Amino acid sequence: GTGGAASGSSSKNGLPAAVAQSGTLRVGMSPDFPPMEYVDEKTKNVVGVDVELVNALAKQLGVKVQIIQQSFDQLLNSVQTGRVDLVMSGLSDTAERQKTVDFVDYFGSQGRFYTLQSKAAKYTQPSAACGRTLAVSKKTDYYQQAVDFDKKYCSGAGKAAIKMLPTDSGSAARLQLEQGRAELAIQGAENLTYFEKQDPGKYEPVLSPLKSTPFGIVTKKGDSKMSGAVLKAMNALVKNGTYKRILTKNGMKYAIITPALNGRKG
Amino acid sequence: MTTSTTTSTTASPLLRAEAVHKYFGDHHVLRGIDLDVARGEVLCLLGPSGSGKSTFLRCINHLETIHSGRIWLGDETIGYRQQGARLVERPEREIVRQRRTMGMVFQRFNLFPHRTALQNVIEGPVQVRRENPKTARERGVRLLERVGLGDKFDAYPRQLSGGQQQRVAIARALAMEPQLMLFDEPTSALDPELVGEVLTVMKDLADSGLTMIVVTHEIGFAREVADRVAFMDGGRILEIGSPADVLDAPRHPRTRTFLSRVL
Amino acid sequence: MTTSTTTSTTASPLLRAEAVHKYFGDHHVLRGIDLDVARGEVLCLLGPSGSGKSTFLRCINHLETIHSGRIWLGDETIGYRQQGARLVERPEREIVRQRRTMGMVFQRFNLFPHRTALQNVIEGPVQVRRENPKTARERGVRLLERVGLGDKFDAYPRQLSGGQQQRVAIARALAMEPQLMLFDEPTSALDPELVGEVLTVMKDLADSGLTMIVVTHEIGFAREVADRVAFMDGGRILEIGSPADVLDAPRHPRTRTFLSRVL
Amino acid sequence: MPGTSATKAVSSTDPPPVAEELLTESRKHPGRWAGAGAVLLVAVFLIDSFAGAQIDWGVVRHYLGAGFLIEGLGMTLMLTLVAMVLGIVLGVLIAVMRLSKNPITSGVAWFYVWVFRGTPVYLQLLMWFNLALIFPMVSIPGIYSARTVDVMTPFVAAALGLGINQGAYTSEVVRAGILSVDEGQVEAAYAIGMGRLRTMYRVVLPQAMRVIVPPIGNETIGMLKTTSLASAVGVTEILLEAQHAYYVNNRIMELLIVCAIWYLAAVSVLSVAQFYLERHFAKGSSRPLPPTPLQRLRAAAGRKPVLR
Amino acid sequence: MPGTSATKAVSSTDPPPVAEELLTESRKHPGRWAGAGAVLLVAVFLIDSFAGAQIDWGVVRHYLGAGFLIEGLGMTLMLTLVAMVLGIVLGVLIAVMRLSKNPITSGVAWFYVWVFRGTPVYLQLLMWFNLALIFPMVSIPGIYSARTVDVMTPFVAAALGLGINQGAYTSEVVRAGILSVDEGQVEAAYAIGMGRLRTMYRVVLPQAMRVIVPPIGNETIGMLKTTSLASAVGVTEILLEAQHAYYVNNRIMELLIVCAIWYLAAVSVLSVAQFYLERHFAKGSSRPLPPTPLQRLRAAAGRKPVLR
Ligand SMILES: Nc1ncnc2c1ncn2[C@@H]1O[C@H](COP(=O)(O)OP(=O)(O)OP(=O)(O)O)[C@@H](O)[C@H]1O
Ligand SMILES: Nc1ncnc2c1ncn2[C@@H]1O[C@H](COP(=O)(O)OP(=O)(O)OP(=O)(O)O)[C@@H](O)[C@H]1O
Ligand SMILES: [Mg+2]
Ligand SMILES: [Mg+2]
């Protein structure tokens, strides 16, 4: 139950009154994105880098965390309707998305091309990807980036266009690589680290990383109290070293950025 | 076999139709039916196919609306109530109540195929009259015995011959204890050998004093059982009178041709 | 009206049944039928309900398998071929060919409801005999005119009265130019006034010399048209002979009770 | 009102003595107007709520004209068509097999229905698409040989998966339809010398269509929506196109509403087609046809007798 | 063989002269055995291919016993049950409304079917779950009031969305069923004084069930699979559980095959239920009932006359 939604009186940590009173931060996650968030098979809990980060964040804010699992399509609606207080699920901050929600950027993700290790030697320069079949999850920002890449190096440069093979998840893209329907795939660098742990030596990143895009913590558009409190707490985590420690521990040093509100421009 | 072969009676008639007209679309099917049926009377209705016999029977039961005219059952008009100079259709509740006072037996039996003979018979009493199922059962058994089906309580309709099915249908109608029974060609879907069974049951009913209107092609039955016989054609009653008069000395030429073909 | 009232003929019979037995499950429905029908003969089959008349007719057409015995049409055994001491069912192709030589008219007409009268008639010639549609049409028109339906070519079955439907069914069977016509109570689903139409058509066919086996309850028709009448009961032919003998002086007591009830 | 007396022959000359002052009136339904009012109020309230909701109708309007969604719709319709045709052909075949007296034939048909109706179509799609996991090559020995992944394009996999799955459902519908045709029809066909096959397609199936068409209409409309699963194997149908857009701009509800509008339009067209198809196959059936909207209009315009 | 001569009365005394040496034999079907062989060969080939495929059957075996998938299956079954009950109740109601002579009643029913059959159920689910976008609060004035998001839990949203959508499809099936009942049945019911409502549920619907049950069986089996869409609003049914597992371990095909096996099991149970339900409602119908498997066994054991 809730009292009045009056967010007037602020509390010590700057959180909206309703959240501060309940003492629980409800976080929406779509646990389909290892190693950022996924379901642990044994405990059935949602675990991952985002979970570690949000736990630290909540500790900083002096509240408990309640993780609410939802499909990707549903996450933003849930912020809108107040079903969750924020969403932290590997969502990229984009200018387009900023029109409807606010982002507190916290993670500098990098897309990587990768292929089977046995075939990695072929890919020495960007034009080597031209005319190849590329599997990429349509749910990610990488799809658009791949299109841009194609424009820049292949179809735009008078070479054979990349054949796009959209899939509905990163793992499905990988399956196409294994069957030989696709010759290349794109995945976040964080996932590739994870695959390496699972199937050592099977895959190999190739070509240079795609443009870095920040993941953001999603808050309701214009709820400056919430986004302000989250940004403040993130900055505190950066300052006390927790942020760096968590990312380094997971082998994601490359992703360290300075937290910012709606940091992606244009 | 019946009490009187002359026509009707002392008191007011049980059923009275006054200038009943009925259209199907542009088709004028009943063109002014006037008819009285006295209590206890058996009226046989004859006529060629398409003359409107079934339609008239269905109007009596308000299974069809009528266009103009009135049908009285006792001192109530069926299906419509007069309000000043207007005849307004009654609400469903009243129509259902009026239908309960009449029993109807159809040419094609129309038994409920998913219920046994006995269940068919007690459906009305239990569901409509809210009778106690146990007493309804007992009465149902007696009725089935009366129509000669003492051993077929648990048979489903499809396990019965046509004649047996029609007798169940009669028992089902009787179970509502109607004041007036309407029969629409009850034997014409039956094999010749089976017709007799049903006619025998109907004759018993007539002898017991039940008021009946019977549409039939069985001239023998009409001659033996009817108090009066009416001949319909083209939506009108062309001739009505004692069986002897209508069947043996028809006045109307159309009646004569019809009888010559059927007999 | 027919050419001879005595029985059969000079040459070999068109149809010969030899000791035909038929079971439905444990139910022994045909208990040894022996029968000869000569070319051009009209045989009427009488008998109470359930005596196996329809079943026998259906066995002739191999719509039912038989258990033992043989049915000859000309010099072929129907449905089965003798191989040494065995009677083996023929392949579908041959059965279809044999059925084409016989026409069958059902009690409930069984017209194709999605085709007009004329389409019903030419369905067999065009689809089965691969006749040219145009000549089939012309022949169909003549056949419909022959059964008195010159103005109903384009009517769908449901737009026709029962008597008209049955006449279309007869035309449909005739369109295959059968050697033998089988009629299974062709008039018993009809209103009394409509029976005459169909019987008239059948009488014409008989007069034209077509071989016919007719299951019927119309004693008048049998007396007038049949060359011989057979009486069946309990899966056997109890009595067979000229109409005068069987209908007016039946020898078997069962025939007598039956006739007394139907007449 | 005493009874009429003895025999009388009524004159049959026109006109009849119509007592016009006793014209009947059908029952009044004041509840109807109250009901209409209530429904209208609820409708206005809902429309108002939707209009005022946190849904940006400008965005909806914008995407309604978007070319890529219309292209996606084209793919959806195409896939629906191909899958339904395959499904109906298979459905009829399997239904006839199910009804065969031959235990092997009917057993195979039963197994087909059991497997394909019993497993999720999503899995079936993935199975077809990933057939190379099981059969790396397809070949007709000596004539043709190719890598399975090259043959099994997204569209082929989706059409096969959806069509074969649909065949299992359709076969049950067709079976019910065949069983609904009077046995006498088959006998009449046999009696004029038709074989089994010809009886089936000239006599039984055309009559079964009356029972078959409405549920197949249901299934076609269902298929229209089920095709969105094909996005799992990379067919860019309308919903996938919309997803591509909303993954970028977050306008989830708006884009889904645009899809819904397009689906509704397609369903409306299909419903009209179904209506006329039903009328076509009702030809000659005993239940009278409902009037077409056109006929209704004409009837409303013309004068008619008083009846209900 | 000359004809028999004049009148004769055949003796009717038993036993008849059965010519046992002329017993018929039904047609031989050598094709059947060839067919059986071919089918068997194909089956062996398929099983062998699957077994040898790049699918790890050990993993399949392992997950077949996994508790979380069985829990997910429980949720799937629960949701199917609730949604189908809701769908059938609504379907009957809407079908009866569609057939009403009252144009407003039938218009409302028509609109319901048009909207809910016409839009993707996925969108409908999201709409219900996100009803708060449109109505932030639900309240019965003076009695009860709550935030919509608290009332609209994932399960409630899924059950409402799926059930209301199903109602639109079911109503078409029920409508066809009602129309299939002979008009004479309604008249017979009226004639013994039943009202419209009682006629509907005592006479018409029980007979319509014969036509209704098979497609509803189809739809129930469809629903079993459609519930997987509920994962969009966070209901953890079996497919979502499987996805959670394969996002982590990448065993996509293996986990989907496990799901397929569970679905097949559930569908098999449902099919048996449908079979007996069909028998129940076929009671008293003119088409003879097919024997139950039990009866078949008994028949095979007992001795029987020679016939086909
Ligand atoms: N529901 C209907 N709609 C339109 N016309 C109808 C309807 N019912 C009957 N008719 C027509 O009304 C006329 C009278 O029909 P009715 O059934 O009353 O005749 P009938 O005397 O009972 O004939 P039969 O002996 O064939 O039963 C016929 O021309 C018939 O076609
Ligand atoms: N398909 C069937 N399965 C089982 N029994 C049957 C079947 N068809 C007919 N019978 C039975 O076979 C017997 C003979 O039936 P048949 O229809 O041949 O009689 P009939 O002489 O034509 O009678 P009717 O005058 O009623 O048509 C009956 O007892 C009937 O119940
Ligand atoms: Mg009538
Ligand atoms: Mg018979």
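Proteins get letters first, then strands, A, B, ... in listed order; numbering begins at 1 in each. Small disclaimer: the values here were computed from a predicted structure and weren't measured. All values below were derived from every heavy atom in this structure, side-chain atoms included, with hydrogens, water molecules and symmetry-related copies excluded.
For chain E, the nearby part of B:F106 is the side chain; its heavy atoms alone come within less than 4.5 Å. When heavy atoms are compared at a cutoff of 4.5 Å, B:R97 does not approach chain E at all. In this structure, chain E has a heavy atom under 4.5 Å from the side chain of B:M176, while its backbone stays farther away. Looking at E:R202, both its backbone and its side chain come within 4.5 Å of chain B, counting heavy atoms on both sides. At a 4.5 Å heavy-atom cutoff, B:I95 makes no contact with chain E through either its backbone or its side chain.
Not a single donor-acceptor pair under 3.5 Å links the side chain of E:E187 to the backbone N or O of B:L63. Looking only at distances, a side-chain donor or acceptor of E:Q185 sits under 3.5 Å from a matching main-chain atom of B:L111.
Enclosure of atom CE in E:M200 by more than 12 non-hydrogen atoms of other residues, nucleotides or ligands within 6.0 angstrom is indicated. More than 12 non-hydrogen atoms from other residues, nucleotides or ligands lie less than 6.0 angstrom from OH of E:Y201. Around CG of B:N132, the count of heavy atoms belonging to other residues, nucleotides or ligands within 6.0 Å exceeds 12. Residue-environment remark: CZ (B:R137) stays at or below the threshold of 12 foreign heavy atoms within 6.0 Å.
Checked options B:Q127, B:E123, B:R129; the residue passing with E:I192 is B:E123 (criterion: side chain to side chain contact (heavy atoms under 4.5 Å, CB included)).
The choice from B:M104, B:R172, B:E92, B:R58 that makes the most heavy-atom pairs within less than 4.5 Å of chain E is B:E92.
Counting all heavy atoms, side chain and backbone alike, E:G193 lies closest to B:R100 at O-NE, 3.6 Å. For E:A188 against B:F112, the heavy-atom pair with the smallest separation is CB-CE2, 4.1 Å.
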